[in-house]
Amino acid sequence: MRWSDYFIPTMKETPQDAEIISHQLMLRAGLIRKLSSGLYSYLPLGLRSLKKVEQIIREEMNRAGALEVLMPAMQPRELWERSGRYEKMVDVMFNLKDKNKRDMVLGPTHEEVITEIAGRDIHSYRQLPINFYQIQTKFRDEIRPRFGLMRAREFIMKDAYSFDVSWEAADGSYQAMYDAYERIFKRCGLTVMAVEADSGAIGGSQSHEFMVLAEAGEDGIVICEESGYAANLERAEARIPPRNDPADSMAAEEVETPGMGTIKAVSKFLEQDPERFIKTLIYLADGQAVAVLLPGDRDVNEVKLAKVLACTKLEMAGAEKVEEVTGAPPGFAGPVGLSIDVVADLRLKDIQGAITGANVRDRHLRHVHLERDATVKSFADFCLVRSGDPCPRSGHAMIEKRGVEVGHVFKLGSVYSEALNATFVDEAGDQHPMVMGCYGIGVGRTMQAAIEQCHDKDGIRWPISIAPFHVEIVTLDTTDEACMEVVNNLFSGLEAKGVEVIIDDREERPGFKFKDADLVGIPLRVTIGNKGLAKGQIELKVRGGDTVFVPLDEALSTVAAKVSELQEAIGVEC
RNA sequence: CGGGGCGUAGCUCAGCCUGGUAGAGCGCUAGCUUUGGGAGCUAGAUGUCGCACGUUCGAAUCGUGUCGCCCCGACCA
């Protein structure tokens with residue numbers, strides 16, 4: 001391919017609406033263009049990379065025994081009402097009507113459609129297990145699209161769905177996908193980490209997320225380098241050491257804390273560590289007020305809390321509601337004397353000599369012994385884990401990182417198969433719902449995450465497996481016939497060996513082309529000009545690495561060998 | 001949806017406060033010179049100043065409304 005015949009609109013300056021580096025580079029290198037918030041076009045160069053990611057996914061899914069299908073993006077809304085998920089997902093669904101005024105939706109995911117297929121055409125245990133996948137466009141009306149392809153409203157996803165006869169059998173399908181995912185991301189040149197995750201709106205019992213570690217990632221995760229424990233913050237647990245507060249037999253007493261509605265202020269005023277405070281938050285769990293207690297230096301993990309309270313809708317109570325249930329404005333709530341349910345974090349078990357709100361304006365209580373002075377309905381773990389907390393397995397301090405979720409595997413169980421009546425008959429002739437799993441990869445997000453992980457100050461540094469081209473030939477003397485003959489010979493020689501080459505044949509100054517080459521980030525750059533040819537050599541440079549000079553007659557074999565070397569360095573046999 | 005910011009040439013931005021009818025750099029077109037890390041000179045082309053209404057003799061500039069985009073929160077591949 002010749003650059004002059006291609007379409008690579010590069011930009012010297014950074015577009016103002018791109019915040020993170022990978023998004024900036026995708027725009028600057030001419031990979032994508034924005035149509036509207038969360039809606040992107042792939043330009044020729046970007047599409048080449050995307051297709052390579054897709055191809056790696058396809059090969060590994062096939063290797064794992066999954067069968068490719070393609071389902072409609074547009075679906076009748078009624079199907080979603082039958083599974084009971086329309087209600088849950090209305091906020092992200094695009095709704096439309098067909099010409100007969102029938103309600104349709106654009107699919108944000110495909111559990112419903114695939115379960116309908118399985119239910120219709122799978123009847124016997126003899127047909128199981130089976131796993132279907134597709135690479136298809138999804139639509140989600142995200143509350144806030146962000147960071148280019150990272151969170152788009154229309155995006156390409158690989159989604160797979162497994163069907164098994166039992167939970168035990170489903171574990172095998174899950175593991176097969178987990179293993180396939182590790183291979184896929186490795187082959188894409190990415191360093192990913194599988195972390196325990198919450199299963200969210202998709203439902204199900206167990207799940208792992210595949211995270212690309214990156215500062216710009218939207219997810220917080222904690223990891224223990226000792227035990228290998230790794231979890232999304234939404235899900236993460238920590239070992240909770242027993243308290244050993246000094247005994248405090250004094251009765252609780254009120255202290256004046258005028259205008260001090262924050263733990264920070266009271267902590268400073270009473271010269272007590274925030275950890276000695278009982279933070280009291282009033283939540284509405286499915287509309288029911290409940291007091292939630294945790295150490296003063298801690299934050300709530302609302303995902304964990306919602307599970308503890310077994311509620312579907314959880315929100316902080318407004319100031320009015322707080323005043324109604326505690327008798328004081330926010331900032332002075334405490335567990336003592338409350339008539340609503342009180343749940344406490346396990347880190348407060350046996351706390352004594354503590355400080356908390358007095359449920360009276362401008363008053364706090366000190367010398368509080370939680371279980372002596374208040375009625376706690378239950379203790380549970382719902383703190384947000386943070387850096388330094390002990391690992392639940394090894395007890396070592398965990399560290400916090402940020403990551404981009406590029407893949408997610410779930411054990412779904414029979415939620416959908418029951419709702420949509422996807423059953424099979426076993427050896428004994430009994431009917432059972434199929435046991436499902438589902439497995440997603442954000443294809444565009446994976447491509448962008450690769451850039452987020454592989455770049456330098458000059459531009460992208462593509463892993464060769466997903467680079468738009470393997471080699472870029474920069475020609476310095478485009479009007480010189482002898483020079484162009486060398487270029488064309490090398491080009492056709494490499495093409496014949498299956499190496500993908502782009503020639504920058506534009507009539508631009510060398511520096512201009514080098515800058516573009518660095519920005520676009522093709523892994524190997526061959527520079528050919530009269531100056532080198534006079535010495536009988538060409539120049540070979542790995543993106544971001546050193547330059548070597550290669551004699552003309554060895555050019556073809558050396559470049560081809562270097563391509564293979566880079567491919568092998570990725571480290572997974574294909 | 002709540003909070004914050006921004007809409008002026010293809011891109012990055014100035015002009016707005018203090019109204020007088022639009023600019024720079026890059027990019028684009030042509031020519032000459034240049035040619036190993038985003039060249040120089042010369043000559044050009046390009047704008048419903050996001051949109052609507054209002055105030056005014058006069059609005060990019062002031063007011064109101066509206067649309068769009070970005071950032072922070074809940075959601076997710």
Practice prompt. State whether the distance check finds a donor on one side and an acceptor on the other, under 3.5 Å, for side chain A:R151 versus base B:C75.
Written response: yes

Fill in: Contacts of A:H408 that satisfy ring-ring contact (aromatic ring centres under 6.0 Å, His included) - sequence neighbours left out
A:F410

Response to the item:
When both distances are under 3.5 Å in a Watson-Crick or G-U wobble arrangement, the nucleotide paired with B:A43 is B:U29

Worksheet, complete the sentence: Across every strand shown, the nucleotide meeting Watson-Crick or G-U wobble geometry with B:U18 (both distances under 3.5 Å) is none

Item to complete: Pull out every residue in residues 36-50 of chain A that has a heavy atom closer than 4.0 Å to any atom of RNA chain B, ordered by number, or say none.
Response: A:S36, A:S37

Discussion item. Among residues at least two apart in sequence or on other chains, which ones pass side-chain hydrogen bond (donor to acceptor under 3.5 Å, both in side chains) with A:R235?
Written reply: none

Worksheet item: A:R445 has an atom CZ; how far is it from atom P of B:A77, in whole Å?
Response: 8 Å

Worksheet item: According to the Watson-Crick and G-U wobble definitions, with both distances under 3.5 Å, which nucleotide is paired to B:U12?
Response: B:A24

Worksheet entry | Residues which pass side-chain contact (heavy atoms from CB on, under 4.5 Å) with A:D480, listed by chain and number, not counting sequence neighbours | A:D477, A:A482, A:C483, A:N530

Item to complete: Answer with base, sugar-phosphate or nothing: what part of the nucleic acid does A:Y439 contact at a heavy-atom distance below 4.0 Å?
Response: nothing

Worksheet entry | Nearest-Å distance for atom pair CD/C1', residues A:E54 and B:A77 | 14 Å

Practice prompt. Any strand is fair game: report the nucleotide pairing with B:C49 by Watson-Crick or G-U wobble, both distances under 3.5 Å, or none.
Written response: none

Worksheet item: B:C70 phosphate, OP1 or OP2: any side-chain N/O from A:R146 under 4.0 angstrom?
Response: no

Item to complete: Measure the distance from CE on A:M150 to C1' on B:A77 and round it to the nearest whole Å.
Response: 11 Å

Discussion item. Please name the nucleotide paired to B:U34 by Watson-Crick or G-U wobble geometry with both distances under 3.5 Å, or report none.
Written reply: none

Response to the item:
5' to 3', nucleotides 35-49 of chain B under a 4.0 Å protein heavy-atom cut-off (B base, S sugar-phosphate only, - none) gives BBBBB----------

Discussion item. Work out how far the C1' atom of B:C75 is from that of B:G68, and round it to whole angstrom.
Written reply: 23 Å

Worksheet item: B:A74, B:C75, B:A77: which one has an atom nearest the side-chain heavy atoms of A:R144?
Response: B:A74

Fill in: Option passing side chain to side chain contact (heavy atoms under 4.5 Å, CB included) with A:V406 (candidates A:V192, A:V53, A:V443, A:I184)
A:V192

Fill in: A:M316 CE - B:G73 P separation (whole Å)
16 Å

Worksheet item: For the pair made of CG in A:D17 and C1' in B:G5, what is the distance, rounded to whole Å?
Response: 13 Å

Fill in: Any-strand Watson-Crick or G-U partner of B:A74, both distances under 3.5 Å
none

Item to complete: Determine the Euclidean distance between corresponding P atoms of B:G25 and B:A43; express it in Å to zero decimal places.
Response: 13 Å

Worksheet item: Say you pick atom P in B:G4 and the same atom in B:G20; how far apart are they, in whole Å?
Response: 30 Å

Worksheet item: Roughly how far apart, to the nearest Å, are B:C16 and B:C76 at atom P?
Response: 47 Å

Worksheet item: To the nearest angstrom, how far is A:Y161 atom OH from B:A77 atom C1'?
Response: 11 Å

Worksheet item: Salt bridge or not for A:R63 and A:E59, using N-O below 4.0 Å?
Response: no

Practice prompt. Both distances under 3.5 Å, Watson-Crick or G-U wobble: report the partner of B:U55, or none.
Written response: none

Practice prompt. Step through it carefully: locate the ring centre of A:Y161, locate the ring centre of A:F132, and say whether they are under 6.0 Å apart.
Written response: no

Item to complete: Describe the nucleic acid contact of A:Q16 in one word from base, sugar-phosphate, nothing, applying a heavy-atom distance below 4.0 Å.
Response: sugar-phosphate

Worksheet item: Between the base of B:C76 and the side chain of A:D219, is there any donor-acceptor pair under 3.5 Å?
Response: yes

Worksheet item: What's the verdict on salt bridge (charged side-chain N to carboxylate O under 4.0 Å, His left out) for A:E237 and A:K304, showing C-alpha distance, side-chain angles and the deciding distance?
Response: CA-CA 9 Å; A:E237 296 175 352; A:K304 280 157 76 175; over 6 Å; no

Worksheet item: When the P atoms of B:A9 and B:A60 are considered, how many whole Å apart are they?
Response: 14 Å

Discussion item. Could you tell me how far B:U46 sits from B:A24 if I compare only their C1' atoms? Round to whole Å.
Written reply: 15 Å

Discussion item. If I take atom CD1 in residue A:I57 and atom P in nucleotide B:A77, what distance separates them, rounded to the nearest angstrom?
Written reply: 14 Å

Worksheet item: Taking atom P of B:G68 as reference, at what distance in whole Å does atom NZ of A:K34 sit?
Response: 13 Å

Worksheet item: Which residue lies toward the 5' end of RNA chain B, A:A18 or A:E234, if each is placed at its nearest nucleotide?
Response: A:A18

Practice prompt. By nearest nucleotide on RNA chain B, pick out whichever of A:E302 and A:L149 is the more 5' one.
Written response: A:E302

Worksheet item: Where the side chain of A:H408 is concerned, which of B:A74, B:U12, B:A77 is the nearest nucleotide?
Response: B:A77

Fill in: Pairing residues for A:K562 by the side-chain hydrogen bond (donor to acceptor under 3.5 Å, both in side chains) criterion, not counting sequence neighbours
A:E565

Practice prompt. Carefully, step by step, assess A:D297 and A:K279 under the rule salt bridge (charged side-chain N to carboxylate O under 4.0 Å, His left out).
Written response: CA-CA 8 Å; A:D297 60 339; A:K279 186 193 275 191; over 6 Å; no

Discussion item. Can you tell whether the side chains of A:R461 and A:D518 come within less than 4.0 Å, N to carboxylate O?
Written reply: no

Worksheet item: Expressed in whole Å, how much space separates the P atoms belonging to B:A22 and B:C26?
Response: 23 Å

Discussion item. Suppose you measure atom C1' in B:G3 against the same atom in B:G50; what distance do you get, rounded to whole Å?
Written reply: 23 Å

Discussion item. Can you tell whether the side chains of A:E60 and A:R183 come within less than 4.0 Å, N to carboxylate O?
Written reply: yes

Discussion item. Check A:R543 with A:D456, please: is the shortest side-chain N to carboxylate O separation under 4.0 Å?
Written reply: yes

